[in-house]
Amino acid sequence: MSITYKDEEGIRGMRVAGRLAAELLDYLTPHVKVGVTTNEIDKLAYDYITEVQGAIPAPLNYQPPGYTPYPKSICTSINHQVCHGIPNDKPLRKADIVNIDVTVIKDGWHGDSSRMFIAGEGSIAAKRLCAMTYEAMWHGIVMVKPGVRLGDIGWTIQKFAESNGFSVVREFCGHGIGKGFHEEPQVLHYGKPGTLEELKPGMTFTIEPMINLGRRDIKEMSDGWTIVTKDHSLSAQWEHTILVTETGYEVLTVSKASPPPPPFVNTLAHA
Ligand code: MF3
Ligand code: CO
Ligand code: CO
């Protein structure tokens with residue numbers, strides 16, 4: 001499969017799917033608190049996607065080559081879990097940092113987004129990691145415009161994260177998205193300026209950096225899905241689905257309540 005460029009109809013479909021992913025995260029937000037289990041959040045998500053949004057949870061039974069079918073509707077990655085954490089019956093504890101990653105399919109189009117949450121009051125280090133990872137994602141997003149290369153985006157994210165003392169996970173990356181959940185190209189969160197694919201209008205892809213407080217090394221758990229940091233240091237991730245426009249970018253996974261961009265983002269530049 002090669003890169004798919006979306007026409008007006010595809011862009012309309014991707015906007016709807018993106019908004020639904022963001023609205024689902026808005027809906028889940030008040031439920032992410034001490035004592036709630038990630039299975040309870042998963043059930044809320046499944047019911048909301050299928051009954052309210054008339055959509056499909058893309059992760060449920062998703063099975064890339066070499067994997068077992070993913071058993072839940074969302075991913076919930078806690079503390080040292082980097083990504084693809086499987087919801088379970090353990091209640092959230094005070095100061096847990098939680099990534100909730102949702103992907104909905106509406107009329108065949110995918111919207112993919114994730115946010116960080118902290119159960120109760122978090123440590124200063126945890127709050128800083130979550131905030132800096134959000135900024136890292138946005139440093140990548142503001143680079144997006146025709147002519148820029150994927151290596152420029154990866155390098156920007158890596159430079160920001162590492163200069164603040166964090167590390168960037170290498171084994172997982174953002175991805176093209178559309179009628180397919182994971183399309184080409186791969187969107188690395190590290191790299192070299194001036195390398196890799198050149199961005200063109202109509203491309204849609206995710207930017208979803210995984211940033212660790214400690215070393216970048218990861219390992220896979222025996223459930224075949226959950227990825228954790230080898231040194232058990234905290235890991236954070238944020239994700240948006242982005243459209244390359246004629247002049248820059250449009251964030252597709254937005255809703256009324258989605259967190260505002262950090263102050264360094266000039267929202268007028270791309271209006
Ligand atoms: N939503 C994840 C991503 O951002 C993919 C999860 S695959 C799953 O690409 F099967 F674990 F859900
Ligand atoms: Co995702
Ligand atoms: Co993704």
Side-chain angles (χ1 to χ4, degrees), residues 21 24-25 28 32 38-39 41-42 45 57-88 90 92 96-104 110-119 126 129-137 140-141 153-154 157-158 161 166-177 180-183 186-190 205-242 253:
L24 171 61
L25 287 167
L28 296 175
V32 187
T38 44
N39 265 345
I41 299 169
D42 178 72
L60 189 59
N61 298 315
Y62 182 60
Q63 185 173 21
Y67 283 80
T68 56
Y70 188 77
K72 301 283 174 171
S73 296
I74 61 173
C75 297
T76 53
S77 304
I78 318 288
N79 295 336
H80 68 294
Q81 296 177 344
V82 172
C83 62
H84 305 164
I86 302 174
N88 61 28
K90 264 193 243 143
L92 294 178
D96 278 347
I97 70 169
V98 185
N99 174 271
I100 299 190
D101 191 343
V102 304
T103 310
V104 302
H110 289 69
D112 189 5
S113 185
S114 83
R115 299 180 193 162
M116 292 304 297
F117 302 85
I118 306 187
L129 174 68
C130 295
M132 296 295 243
T133 303
Y134 188 60
E135 290 197 18
M137 172 185 70
I141 291 173
I153 294 175
I157 293 170
Q158 179 182 14
F166 301 112
S167 64
V168 178
V169 171
R170 305 281 178 102
E171 291 82 354
F172 296 88
C173 55
H175 48 93
I177 183 167
F181 191 166
H182 294 104
E183 299 184 351
Q186 295 193 40
V187 180
L188 304 178
H189 305 112
Y190 64 94
F205 54 82
T206 70
I207 298 181
E208 49 179 302
M210 285 141 276
I211 308 284
N212 301 346
L213 205 51
R215 300 177 61 86
R216 69 175 175 84
D217 310 71
I218 53 129
K219 63 182 182 196
E220 189 183 288
M221 300 300 283
S222 57
D223 63 18
W225 279 102
T226 308
I227 304 298
V228 299
T229 55
K230 252 192 192 161
D231 64 6
H232 280 209
S233 66
L234 292 180
S235 185
Q237 179 177 32
W238 291 79
E239 175 175 27
H240 267 313
T241 300
I242 311 293
T253 34

Query raised in the report: So, do F166 and L213 sit near enough that their side-chain heavy atoms are less than 4.5 Å apart?
Result: yes
Requested in this report: For T133 and M210, run side chain to side chain contact (heavy atoms under 4.5 Å, CB included): C-alpha distance rounded to whole Å, both residues' side-chain angles, the deciding distance at 0.1 Å, then the answer.
Outcome: CA-CA 7 Å; T133 303; M210 285 141 276; over 6 Å; no
Report task. Measure from the side-chain N and O atoms of T38 to the backbone N and O of N88, and report whether any donor-acceptor pair falls under 3.5 Å. Result -> yes
Query raised in the report: Given side chains that start at C-beta, do those of K219 and V228 come closer than 4.5 Å, heavy atoms only?
Result: yes
Query raised in the report: About how many Å separate CE of M137 and OG of S114, when rounded to the nearest 0.5 Å?
Result: 8.0 Å
**Report entry** Main-chain N/O of I97 paired with N79 side-chain donor or acceptor, under 3.5 Å
**Finding:** yes
Query - Point-to-point distance, once rounded to the nearest 0.5 Å, from CD1 of I242 to CD1 of I207 - result: 5.0 Å
**Report entry** Shortest non-hydrogen contact from Y70 toward I86
**Finding:** OH-CA, 3.6 Å
Query - H240 vs T253, side-chain hydrogen bond (donor to acceptor under 3.5 Å, both in side chains): CA-CA, chis, key distance, verdict - result: CA-CA 6 Å; H240 267 313; T253 34; 2.7 Å; yes
**Report entry** Minimum-distance pair of heavy atoms, taken over all atoms of A136 and I157
**Finding:** O-CG1, 3.4 Å
Query raised in the report: Is the shortest heavy-atom distance from the side chain of I211 to the side chain of V168 under 4.5 Å?
Result: yes
Query - Ring centers of Y67, H84 separated by less than 6.0 Å - result: no
Report summary line: Which of L24, L60, T103 passes side-chain contact (heavy atoms from CB on, under 4.5 Å) with S73? It is L60
Requested in this report: Would you check if the side chain of S235 reaches a backbone N or O of V82 as a donor-acceptor pair within less than 3.5 Å?
Outcome: no
Query raised in the report: Is the closest side-chain heavy-atom distance between R115 and W238 below 4.5 Å?
Result: yes
Query raised in the report: Is there a donor-acceptor contact under 3.5 Å from the side chain of T241 to the main chain of D112?
Result: yes
Query raised in the report: From I78 CD1 over to D96 CG, what is the distance, rounded to the nearest 0.5 angstrom?
Result: 6.0 Å
Query raised in the report: Is a side-chain donor or acceptor of D42 paired with a backbone partner of K72 at a separation under 3.5 angstrom?
Result: no
Requested in this report: Give the minimum heavy-atom separation between E239 and S113, together with the two atoms involved.
Outcome: O-OG, 2.8 Å
Report task. Please round to the nearest 0.5 Å and tell me the distance separating atom CG of L188 and atom CD of Q158. Result -> 10.0 Å
Query raised in the report: For the residue pair S233 and G214, what are the closest heavy atoms and their distance?
Result: OG-N, 3.0 Å
Report summary line: Separation between OG (S77) and CG (D101), nearest 0.5 Å, reads 7.5 Å
Report task. Start with the C-alpha gap between L92 and F117, add the side-chain angles, then the distance that decides, and say whether side chain to side chain contact (heavy atoms under 4.5 Å, CB included) holds. Result -> CA-CA 11 Å; L92 294 178; F117 302 85; over 6 Å; no
Query - Closest contact, heavy atoms only, C130 versus A236 - result: CA-CB, 4.3 Å
Report task. Please examine the side chains of R170 and Y190, heavy atoms only from C-beta on, and report whether any two atoms are closer than 4.5 Å. Result -> yes
Query raised in the report: Any side-chain heavy atom of V169 within less than 4.5 Å of one from N212?
Result: yes
Report task. Could you tell me whether the side chain of E208 and the main chain of Q237 form a donor-acceptor pair under 3.5 Å? Result -> no
Query raised in the report: Hey, are the side chains of I177 and E183 touching, using non-hydrogen atoms and a 4.5 Å cut-off?
Result: no
Requested in this report: Taking the side chain as every heavy atom from C-beta outward, state whether I74 and P87 have any atom pair closer than 4.5 Å.
Outcome: yes
Query raised in the report: Is a side-chain N or O of W225 found less than 3.5 angstrom from the main chain of T68, in a donor-acceptor match?
Result: yes
**Report entry** Value rounded to 0.5 Å, distance of OG1 in T76 from CD1 in I41
**Finding:** 7.0 Å
Requested in this report: Give a yes or no answer on whether the side chain of T206 reaches the backbone of H175 with a donor-acceptor pair at less than 3.5 Å.
Outcome: yes
